[in-house]
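The structure appears right after this line, and notes come after that.
What's counted below: heavy atoms across the whole structure, side chains too, no hydrogens, waters or symmetry copies. Naming convention: chains lettered A, B, ... in sequence-line order (proteins, then strands); numbering from 1 in each chain.
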2 protein chains.
Amino acid sequence: MRLTTRGRYAVTAMLDLALNNESGPISLADISHRQEISLSYLEQLFAKLRQNNLVSSVRGPGGGYCLARSSDAISVAEIIDAVNESIDATSCSGKGNCHNGDICLTHHLWDDLSRQIHRFLSGISLDSLVHQQDVQVVMLRQSDQADANSGCAKV
Amino acid sequence: MRLTTRGRYAVTAMLDLALNNESGPISLADISHRQEISLSYLEQLFAKLRQNNLVSSVRGPGGGYCLARSSDAISVAEIIDAVNESIDATSCSGKGNCHNGDICLTHHLWDDLSRQIHRFLSGISLDSLVHQQDVQVVMLRQSDQADANSGCAKV
DNA sequence: AAGTAACCTACTAAATTAGTATGTTATTTA
DNA sequence: TAAATAACATACTAATTTAGTAGGTTACTT
């Protein structure tokens, strides 16, 4: 099953977008600084997020990315699905041909697990994450650090 | 997060053990044939399963492996934990130092997810799998094939 | 004594992921 | 209109992990 740095990066970046939603488009350079993710890698991830209609983009100076929908209409599952192919624990990608064309001994187990994980992550919207206290605290800390690093006074 | 062929192989092999439990120790060669898993790879997996007290072994001719406990006292989560290091979706292995020594934006999310998966897989015992109808059906099919391949008459 | 099957270790191959490098194109601002 | 910005695109490399192989040794049964 694929649930790795890529999915984590994508969710983190999308959450960063959601947290800074009011201030217009957010550039990947900003996210890259705040979340310490390689800019070029972010670009690759956002290409997929855009293809999946999770973000919209504005080119040119002052441009960047916005959420394509309101943050309560975007689930963590969608984000991970967009950058990985899927969250699927079966070896046959759900096809059921894992053992000589038939299902293997444990097919249903992994199928159930996949469904379970998907249901869990589908139930978590970006909006619900934004309102979690620890997320707020971490975001505050990060913007402090970003200010310090940029040499700008804190507003 | 690690949830891959290794964990699937381990659970499949343990389930094979559970299904053939009455007939004394089961050799890895048998499991290798039935489940189409490389013998040498199985040996590596069973080294870990043994270290984690999930199976016991009998050496020499007629030897093999048995479940170390009754099948209703062994959960899928334990098996996966034994062969992978853990089912942990955080990038910091739960340590909480994922972003400059502090937790990252999404630490709690992955922590929750890990707990969710673990709870789900902890609730599934080998015994409960043995009694699932589809498992029985697949097992029957497999032993038919094994008999056919071995050139032995079906008893 | 011979055969079996666990046990052990080191190595190789394949696949995947993470990250880099180098552009081009659209848009804004001076 | 030129310069700067930031998205968009593609190809490549490095690192890591997983899967699988190979070669043995040891314990036990027949």
Short heteroatom pairs, N/O only, protein and nucleotides 25-30 of chain C, under 3.5 Å:
from, atom 1, to, atom 2, distance (Å)
C:dT25, O2, A:Arg59, NH2, 2.6
C:dA26, O4', A:Arg59, NE, 3.4

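- Salt bridge B:Glu78/B:Arg69: present, at least one basic N to carboxylate O contact under 4.0 Å.
- The listed nucleotides are C:dA6, C:dA18, D:dA7; the one nearest the side chain of B:Ser57 is C:dA6.
- Taking 4.0 angstrom as the limit, A:Thr4 places a side-chain polar atom (N or O) nearer than this to OP1 or OP2 of C:dA18.
- Residue B:Tyr65 is in sugar-phosphate contact alone, with no base atom involved, counting any heavy-atom pair closer than 4.0 Å across all strands shown.
- A:Leu45 places its CG atom 14 Å from the P atom of D:dA9, with the value rounded to the nearest Å.
- The distance between atom CZ of A:Phe46 and atom P of D:dA9, rounded to the nearest whole Å, is 15 Å.
- A:Arg6 places its CZ atom 10 Å from the P atom of C:dT16, with the value rounded to the nearest Å.
- Although no hydrogens or angles enter the test, the distance criterion places a donor-acceptor pair under 3.5 Å between the side chain of B:Arg8 and the main chain of A:Ala89.
- Each of C:dA6, D:dA6, D:dT21 was ranked by its minimum atom distance to the side chain of B:Tyr41; first place goes to D:dT21.
- In this structure, B:Ser38 reaches the D:dT21 phosphate: one of its side-chain N or O atoms is under 4.0 Å from OP1 or OP2.
- With sequence neighbours excluded, the residues forming a side-chain hydrogen bond (donor to acceptor under 3.5 Å, both in side chains) with A:Thr12 are B:Thr106, listed by chain and number.
- Atom CZ of B:Arg8 is separated from atom C1' of D:dT18 by 12 Å (rounded to the nearest Å).
- Proximity of A:Tyr9 to the phosphate of C:dG19: a side-chain N or O atom is located under 4.0 Å from OP1 or OP2.
- At the phosphate of C:dA18, OP1 or OP2 sits under 4.0 Å from a side-chain N or O atom of A:Thr5.
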Hey, what are the protein-to-nucleotides 8-14 of chain C N/O distances that come in under 3.5 Å?
from, atom 1, to, atom 2, distance (Å)
C:dC8, N4, B:Glu43, OE1, 3.4

